[in-house]
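Notes follow the structure.
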Amino acid sequence: MSLEGTHIGVAFTGSFCTYENVFAELNKLAEQGAIVQTIFSDASQTLDSRFGNASDFIRKAEEITGIKPMLTIPQAEPIGPKSLLDILVIFPCTGNTIAKLANGITDTPVLMAAKAHLRNNKPLLISISTNDALGMNMKNIGMLLNSKNIYFIPFGQDNPAKKPNSMIAHTNLLIPSLEAALSGRQYQPIIQ
């Protein structure tokens, strides 16, 4: 399947340790000719970390895609009524965002984008990055796994010895996961 001309939303949340891999995949989407609209959560656009500065990430996203990122709830809201995207990926998706999404909370640009997009019965792809996937957030992940139009990039434990509850998506599987979700299928195996 070609992604050329496909309207893809890439929504960033605050799992900054994954950004190097996320930006590598964002480049691949752009190289394939996808039309990529980025959306940044409040945390991802304001918090600087040892992994880089928020303003640099926003600038880099715009340089790669050629499109100004959405940074506010009002900017993200038209995704629904104007049917702006073919697919939306929350890339990365923190445990906080997973919990809010599973419980219908819409208090960031990313969550508004997800809510607005899902109203059109179009696929939402989640790239898990959370230290409590096998803890408190397992119930939320389970709810989302059983939700219509929600798909996951395959994920697994990233450090079972030191962080036994932590799981992270295999970001290198973004493109095949997108292709499967656009066809209404979950890329398998989901746990790797």
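Side-chain atoms are counted along with the backbone in the values below, which use heavy atoms only and exclude waters and symmetry mates. A quick note: this is a predicted structure, and the numbers were derived from the prediction, not measured.
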- How close do Ala54 and Thr46 get, heavy atom to heavy atom, and via which atoms? CB-N, 3.8 Å
- Query: So, Asn53 versus Ser55: side-chain donor-acceptor pair below 3.5 Å or not?
  - Reply: no
- Message: Are Phe12 and Leu29 connected into the same hydrophobic cluster when the rule is that any two of I, L, V, M, F, W, Y join if their side-chain heavy atoms are below 4.5 Å apart?
- Response: yes
- Item | Side-chain (Asn120) to main-chain (Gly80) donor-acceptor, under 3.5 angstrom | yes
- Indicate the atoms forming the closest heavy-atom contact of Pro81 with Arg119, along with that distance. CA-NH2, 3.3 Å
- Task: Look at the side-chain heavy atoms of Ile, Leu, Val, Met, Phe, Trp and Tyr, link any pair under 4.5 Å apart, and say whether Ile175 and Ile64 land in one connected group.
- Result: yes
- Item | Euclidean distance, Asn165 CG relative to Leu134 CG, rounded to 0.5 Å | 5.5 Å
- Task: Taking all heavy atoms of Gln37 and all of Lys68, pick out the closest pair and write down the distance.
- Result: NE2-O, 3.0 Å
- Close side-chain approach of Gln192 and His170, heavy atoms under 4.5 Å: yes
- Query: Are Lys122 and Ser83 close enough that a side-chain donor and a side-chain acceptor fall under 3.5 Å?
  - Reply: yes
- Determine, step by step, whether His117 and Asn149 satisfy the side-chain contact (heavy atoms from CB on, under 4.5 Å) criterion, reporting the C-alpha distance in whole Å, the side-chain angles of both residues, the deciding distance to 0.1 Å, and the verdict. CA-CA 10 Å; His117 179 71; Asn149 298 318; over 6 Å; no
- Message: With a 4.5 Å cut-off on side-chain heavy-atom distances among I, L, V, M, F, W and Y, is there a chain of contacts connecting Leu182 to Val36?
- Response: yes
- Any side-chain heavy atom of Ile39 within less than 4.5 Å of one from Leu71? no
- How far apart are the C-alpha atoms of Leu174 and Phe91, what are their side-chain angles, what is the distance that settles it, and do they pass the side-chain contact (heavy atoms from CB on, under 4.5 Å) test? CA-CA 9 Å; Leu174 170 66; Phe91 194 54; 3.9 Å; yes
- Message: I'd like to know if Leu88 and Val110 are part of one continuous hydrophobic network [Ile/Leu/Val/Met/Phe/Trp/Tyr, side-chain heavy atoms within less than 4.5 Å].
- Response: yes
- Answer whether the closest heavy-atom distance between the side chains of Leu118 and Leu124 falls below 4.5 Å. yes
- Query: Just wondering, do Leu125 and Leu178 contact through their side chains at under 4.5 Å, heavy atoms?
  - Reply: yes
- Task: Decide side-chain contact (heavy atoms from CB on, under 4.5 Å) for Ser129 and Thr94; before the verdict, give the C-alpha distance in whole Å, the side-chain angles of both, and the deciding distance to 0.1 Å.
- Result: CA-CA 5 Å; Ser129 182; Thr94 61; 5.9 Å; no
- Measure the shortest side-chain to side-chain distance between Ile128 and Ile153 over non-hydrogen atoms and say whether it is less than 4.5 angstrom. no
- Would Asp42 and Thr108 count as having a side-chain donor-acceptor pair, cut-off 3.5 Å? no
- Query: Does any donor atom in the side chain of Asn137 or Asp132 lie under 3.5 Å from an acceptor atom in the other side chain?
  - Reply: yes
- Query: Does some side-chain heavy atom of Ser44 sit less than 4.5 Å from a side-chain heavy atom of Tyr19?
  - Reply: yes
- Task: Kindly work out whether a path of hydrophobic side-chain contacts (I/L/V/M/F/W/Y, heavy atoms less than 4.5 Å apart) joins Ile35 to Phe23.
- Result: no
- Query: Do Met70 and Pro109 have side-chain heavy atoms sitting under 4.5 Å apart?
  - Reply: no
- Query: Does Asn96 reach the side chain of Thr13, with side-chain heavy atoms less than 4.5 Å apart?
  - Reply: no
- Asn103 atom CG: more than 12 heavy-atom contacts under 6.0 Å: yes
- Task: Apply side-chain contact (heavy atoms from CB on, under 4.5 Å) to Thr97 and Ile126, showing your working.
- Result: CA-CA 10 Å; Thr97 300; Ile126 295 174; over 6 Å; no
- Gap separating the CD atom of Glu179 from the CG atom of Leu3, nearest 0.5 angstrom: 5.0 Å
- Is Glu25 salt-bridged to Lys28, cutoff N-O under 4.0 Å? yes
- Heavy atoms of Asp86 and Pro123 approach each other most closely as O-CD, 3.5 Å
- Task: Could you tell me which non-hydrogen atom of Cys93 sits nearest to which non-hydrogen atom of Ile98, and how far apart they are?
- Result: SG-CG1, 3.5 Å
- Message: Looking at every non-hydrogen atom in both residues, tell me the closest pair between Pro154 and Tyr187 and how far apart they are.
- Response: CG-CD2, 3.5 Å
